[in-house]
Student: 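Structure incoming, see below.
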Amino acid sequence: MAKTYQHSEIESKWSRRWEEEGVYRSKIDWSKPKHYALTMLPYPSGDLHIGHWFAMTPSDARARYMRMKGYNVLFPMGFDAFGLPAEQAAISRNIHPWKWTYSNIERMREQLRSMGAMFDWEREIITCTPEYYYWTMWFFKKFYEHDLAYRGMALVNWSPTLQTVLANEQVKDGKDERTGQPVIQKMMEQWFFRITKYADELLNFDKLDWPEPVKIMQQNWIGRSEGAKVTFHTEAGDPFEIFTTRPDTLWGATFMVLAPEHPLVDKVTTPEYAEAVEAYREQTARATEIERMSEDREKTGVFTGGYAINPVNQERIPIWIADYVMISYGTGAIMAVPAHDQRDFEFARKYGLEIRVVIQPEGEPLDGKTMTSAVTGAGVMVNSGPFDGTVSNDQKGRQNPAISAVIDWLTEQGIGEESVNYRLRDWLISRQRYWGAPIPMIYRADGTIEPASDDNMPILPEDVDFLPTGRSPLTYHEPFLNTVDSEGKPARRETDTMDTFMCSSWYQYRYLSPHYDKFPFDPEEAAYWLPVDVYTGGAEHATMHLLYTRFFTKAMRDMGLFEEVAKIQREHGRDPEGLFDEPMLLLRNQGQVLGAERKGDIIMAKGRMVDGKLYADYVEVIPNQEDAPSNFEGVVGEIMDRVENILHVDIGASELQIVEVENDAVIVIPNIEGEARVDQLKHHLEIQRMSKSKGNVVNPDELVQAYGADTVRAYLMFAFDWQKGGPWDPQGIQGIVRWINDVWDMVTNTTLPAQGTPEVERDVLRKAHQAIKQVSDSLERFSFNTGVAALMSLRNEVRPALRENQVGEKTWREVMNIMLRLMAPFTPFIAEELWEKLGEPFSIHQQPWPEYNAELAAENEVTLVVQVNGKVRDRIQVPANISEEEAKNIALSSDTVQQFMNGNTPKKVIYIPHRNMVNIVV
RNA sequence: GGGGGAGUGGCGGAAUUGGCAGACGCGCAUGACUUAGGAUCAUGUGGAGAAAUCCGUGUGGGUUCGAGUCCCACCUUCCCCA
């Protein structure tokens, strides 16, 4: 009897062999087509999560498939290693970020290796190494040289007590999450990247095979709107610009609103209103931008005492300030047309400002005094001087004749012009942190700024003190702070570091040559591998990361960084035209694995009832609600929640029964040895994200130990729609265990007859070829679950045939050979082991993908489905090559069909050949 | 509030362009083997019905010879943005 399947033995054996023989090294080979498969790199948080397995192993399976299909595949892995958690560990646990990060990486690298993925570890990158972040800084300087990086003002979360800037995720309800100290919004000088310069190009997705929702999200994020810029003047004559998408409503502007931070506020505010304005500005500083933009928040504002002149009709209208106008959006000033804008309408109603109708819809005439909400639809312009009677449809921009006409007129009059505005703002990259790539800029004594020279690029100092002040240690590290400028004069370094999205914006290029020291990437490697063919990762990166990396690539292209690459490509006869417009051609998002649902314990509890609350002195866990004695006096039901010794029990009423378990109560839990405690009572767990606090985390290491990596991989690919994810079901893995054992059995434990049964052998071979097609299709389409299903189906056909001794050695060998190669992408270890047992040469992962033979896969008999009026009435076995005429005749002559036709003559007979179906219409 | 998904057996999920709904698996049921079964094997498994048959893809309408799939309205739910 052959040895049974021993996963741990096999997995360590082949991991070693693959490593030794360099099976997964990817080297340039211009004679082969290339395939660059990339999956998002993890943050080294310390432990590999089941979610990482879910994201990476299917991507690996597809990369392996492409390799067997004859592509030269690059599938690298690395770590996105800068970021806040490392710094927080440093402060709270006194571990240096380097140390914390590196020990996490070492641990995770081992866990990643256990996956059996075809990562080329010689190409590993770690973004927090100087070898990597030198180039991140280098990119910053390039951007600066090309005027894509600049210094500007931005609102930041400022903690007055700590004298430091906080990240958005550190602020909760306007307070510092950790200290509870108030946080205010403050304008500060920060570094920006000019991503808005590329706004229009980023809206073009022509070259991209990306999920539609991602493209839509990016579109909304960029938020292009067409309209006009119009110059207003204050009464005193100071000009200020506003942007509007509705210039056709200019005559309906009854007041102006400035952002509280607008520079003109001080000038227009009259002494009488100065105090109120100042108070309001202080109040605004306490609200975050997200709160301010919330639409269901009540609009507030104050009058400045100042007036503006409407350039279209010379009307004098009041200037207000309100926090719903953002200084960073548009020009920080708006004209308010309450009749035709909902936010302005609410504001006007609240403060008793005039509402004037200038677009009159058909039907009911509007009256500003009685309207209950703004009217934004189509209508005819009224009260609009020369434009009265012009039709405004509900189109945007130039599509709308009224808007178009007004824009032309504004241009003529010299008071405005056509303009496009974006919701997208420039990318703020400054972070007041230690654990990031330093911004390589130097502040000179004369007040000017210059980039650090290549040999003076800052390296993060290690000998820093992490004080719980919240300030970056760089700000008080003298040796880092003090440097010299290009003329050798004393100067000061920038102490801010870069947003970690910087690191991940170009990592796909560093994988090409992680140790190359003349350029961010080796042009020879880039010429062959670029661009990324397939990118997989979480949908949560739809906007930020994916927009930034697209911007980066376009900027790199325009800065000429791919010129050398293009030259090499031409030498190899590859046309570089358009190859560097986008970083990743095809994108697919995986879903999320959620925690399993768990039923709470059913309990019966008794004690004394006080004010509807039960103080229990006895609690017993019972298998079912019905198992409680019918005369039981107390509470019976499922525990839905438990906080300390308070239970929330579902007793079938509309509200949950509160049960407080007394300290000395008797607790009976069957299955638990010794004395039971209240915290051993299990409460109901809903399907939700895994988290340590909920106790529903699935640990991949334990699963691998119990079942083997192959089984875990296959189960993750089988049990979910990969692009959707879903709740983890601990029971379902049995199906994979059985399948793998059966496969093992089919290869190793078979005594074969001298002669097989020809028909059965034909069937088995047919099934194998059908599987080739199904598995190939499923991998092409990222539909991994159907691929595994096809392999199981093959097992279902082959295994009984083998057990009944109906398959001879030749066919057995042929079918096993196909089956193992089809399994190789999904379960690389066992496929390799059994491949060896079949006596085939190392390695299965370097074998060609099995070739599909349509003739062998074809059935000779098929089921003809006969419908009458669209309902299935009969199924008839017919030869597969039946003609349309024959099929129709057979269908019409069926007794059952005749019965349902009720003696009527058919009106129409429809034949669908590829579905083997006839529909008779009577 | 805006945008985007998703609703299919007890459960996870299948179903090219509209063409046999429920592949594959879990679970469950019955039986076999067995000292035992959380192993294995066999059979069954959407609902109702003895059966013929009827009903079934969130709800209501529509288009079509034919709708899980397309169109309209609605409900529920998840995600993103605000």
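The figures that follow rest on heavy atoms only: side chains count, while hydrogens, waters and symmetry mates do not. Letters A, B, ... mirror the listed sequences (proteins, then strands); counts begin at 1.
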Student: Mind checking the P distance from B/C24 to B/G44? Whole angstroms is fine.
Tutor: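 Per the computed distance, 12 Å lies between those P atoms.
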Student: Does the distance from a Lys or Arg side-chain N to an Asp or Glu carboxylate O, for A/Asp763 and A/Lys767, drop under 4.0 Å?
Tutor: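 The answer is no: the pair does not qualify as a salt bridge.
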Student: I'd like the P distance from B/U59 over to B/G37, given in whole Å.
Tutor: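 About 44 Å, rounded to a whole number of Å.
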Student: Tell me whether the side-chain N/O atoms of A/Arg738 come closer than 4.0 Å to OP1 or OP2 in B/G27.
Tutor: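 Checking A/Arg738 against B/G27: at least one side-chain N or O falls below 4.0 Å of OP1 or OP2.
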Student: Measure up the A/Trp722 and A/Phe54 rings against each other and bin them: parallel (under 30°), tilted (30 to 60°), perpendicular (over 60°).
Tutor: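 Geometry flag for A/Phe54 against A/Trp722: tilted rings.
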Student: Report yes if at least one side-chain N or O of A/Arg781 is closer than 4.0 Å to OP1 or OP2 of B/A15; otherwise report no.
Tutor: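 Indeed, a polar side-chain atom of A/Arg781 lies that close.
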Student: Would you call A/Arg795 and A/Glu797 a salt bridge, using N to O less than 4.0 angstrom?
Tutor: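 Between A/Glu797 and A/Arg795 there is no salt bridge, as every charged N stays at least 4.0 Å from the carboxylate O atoms.
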Student: Are A/Glu212 and A/Lys215 ion-paired here, with the side-chain N under 4.0 Å from a carboxylate O?
Tutor: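 The answer is yes: the pair qualifies as a salt bridge.
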Student: Is B/G9 syn or is it anti, if syn means the base angle is within 90 degrees of 0?
Tutor: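 Syn for B/G9; the angle stays within 90° of 0.
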Student: A/Arg803 near the nucleic acid: base, sugar-phosphate alone, or nothing, with a heavy-atom cut-off under 4.0 Å?
Tutor: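 Sugar-phosphate only.
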Student: For RNA chain B, which ranges pair as stems of 3 or more consecutive Watson-Crick or G-U pairs, with both donor-acceptor distances under 3.5 Å?
Tutor: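 Looking at RNA chain B, the stems formed by three or more consecutive pairs are B:1-7 with B:75-81, B:10-12 with B:24-26, B:27-32 with B:40-45, B:46-48 with B:53-55, B:58-62 with B:70-74.
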Student: A/Asn220 side chain N/O closer than 4.0 Å to the phosphate oxygens (OP1, OP2) of B/C80?
Tutor: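 Indeed not, no polar side-chain atom of A/Asn220 lies that close.
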Student: Counting the atoms with a prime plus P, OP1 and OP2 as sugar-phosphate, which does A/Ile216 contact under 4.0 Å by heavy atoms, base, sugar-phosphate, or nothing?
Tutor: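 Sugar-phosphate contact only.
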Student: Would a line drawn from the ring center of A/Phe720 to the ring center of A/Phe784 be shorter than 6.0 Å?
Tutor: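 No, ring centres 6.0 Å or more apart.
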Student: Within the 4.0 Å heavy-atom criterion, would you say A/Gly787 contacts the bases, only the backbone, or no part of the nucleic acid?
Tutor: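 Contact class for A/Gly787: none.
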Student: NA contact type, A/Lys871, heavy-atom cut-off 4.0 Å: base, sugar-phosphate, or nothing?
Tutor: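 Answer is sugar-phosphate: A/Lys871 comes under 4.0 Å of backbone atoms only.
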Student: Answer yes when A/Glu346 and A/Lys350 have at least one side-chain N-carboxylate O distance shorter than 4.0 Å, and no when they do not.
Tutor: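 Not counted as a salt bridge, because no side-chain N and carboxylate O are separated by less than 4.0 Å.
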Student: For residues A/Phe718 and A/Phe826, establish whether the separation of their ring centroids is below 6.0 Å.
Tutor: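 Centroid distance A/Phe718-A/Phe826: not below 6.0 Å, so no.
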Student: Does the pair A/Asp341/A/Arg246 count as a salt bridge with the N-to-O cut at 4.0 Å?
Tutor: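 Salt bridge between A/Asp341 and A/Arg246, a charged N being under 4.0 Å from a carboxylate O: no.
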Student: Under a 4.0 Å heavy-atom cut-off, which of residues 792-799 of chain A touch RNA chain B?
Tutor: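 Contacts with RNA chain B under 4.0 Å: A/Met792, A/Ser793, A/Arg795, A/Asn796, A/Arg799.
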Student: Rounded to whole angstroms, how far apart are CG on A/Leu547 and C1' on B/C80?
Tutor: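 My rounded result for the distance is 14 Å.
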Student: Could you check whether A/Trp728 and A/Tyr715 have their ring centres less than 6.0 Å apart?
Tutor: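 Ring centroids of A/Tyr715 and A/Trp728 are less than 6.0 Å from each other.
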Student: Under 4.0 Å between any heavy atoms, over every strand shown, what does A/Val921 touch: base, sugar-phosphate, or nothing? Just pick one.
Tutor: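 Result for A/Val921 = sugar-phosphate.
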